[in-house]
Amino acid sequence: MRCWRRGELLEEAVGLYKKFGYKVIPNYGPYVDMPQSLCMKKKL
């Protein structure tokens, strides 16, 4: 799983990760209360 704090390159990064099979998931752990974060996962 990956989490990012949103920044200028987020759209490009998310697009790249989605291209490789990652899906956006609800924020977890320390990121739950951070709406500026985006979490993703990939089933291996």
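Each residue takes its place number in the sequence, starting with 1. The structure presented is a predicted model; accordingly, all values stated were derived computationally and were not measured.
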Kindly give the heavy-atom pair with the smallest separation between [X] and [Y], and that separation in Å.
X	Y	result
Met40	Ile25	N-CG1, 3.9 Å
Ser37	Asn27	O-ND2, 3.2 Å
Val24	Lys18	CG2-CE, 4.0 Å
Cys39	Pro26	CB-O, 4.1 Å

**Request:** Go through the structure and list residues passing side-chain contact (heavy atoms from CB on, under 4.5 Å) with Lys23, not counting sequence neighbours.
**Result:**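 Lys23 satisfies side-chain contact (heavy atoms from CB on, under 4.5 Å) with no residue once adjacent residues are dropped.
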**Request:** Please write out which residues are connected to Phe20 in a hydrophobic cluster, directly or through intermediates, given that two of Ile, Leu, Val, Met, Phe, Trp, Tyr count as joined at side-chain heavy-atom separations below 4.5 angstrom.
**Result:**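 Members alongside Phe20: Leu16.
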**Prompt:** With clusters built from Ile, Leu, Val, Met, Phe, Trp and Tyr whose side-chain heavy atoms come within less than 4.5 Å, directly or transitively, what are the remaining members of the cluster of Val32, listed by chain and number?
**Reply:**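 Members besides Val32: none; it forms no cluster.
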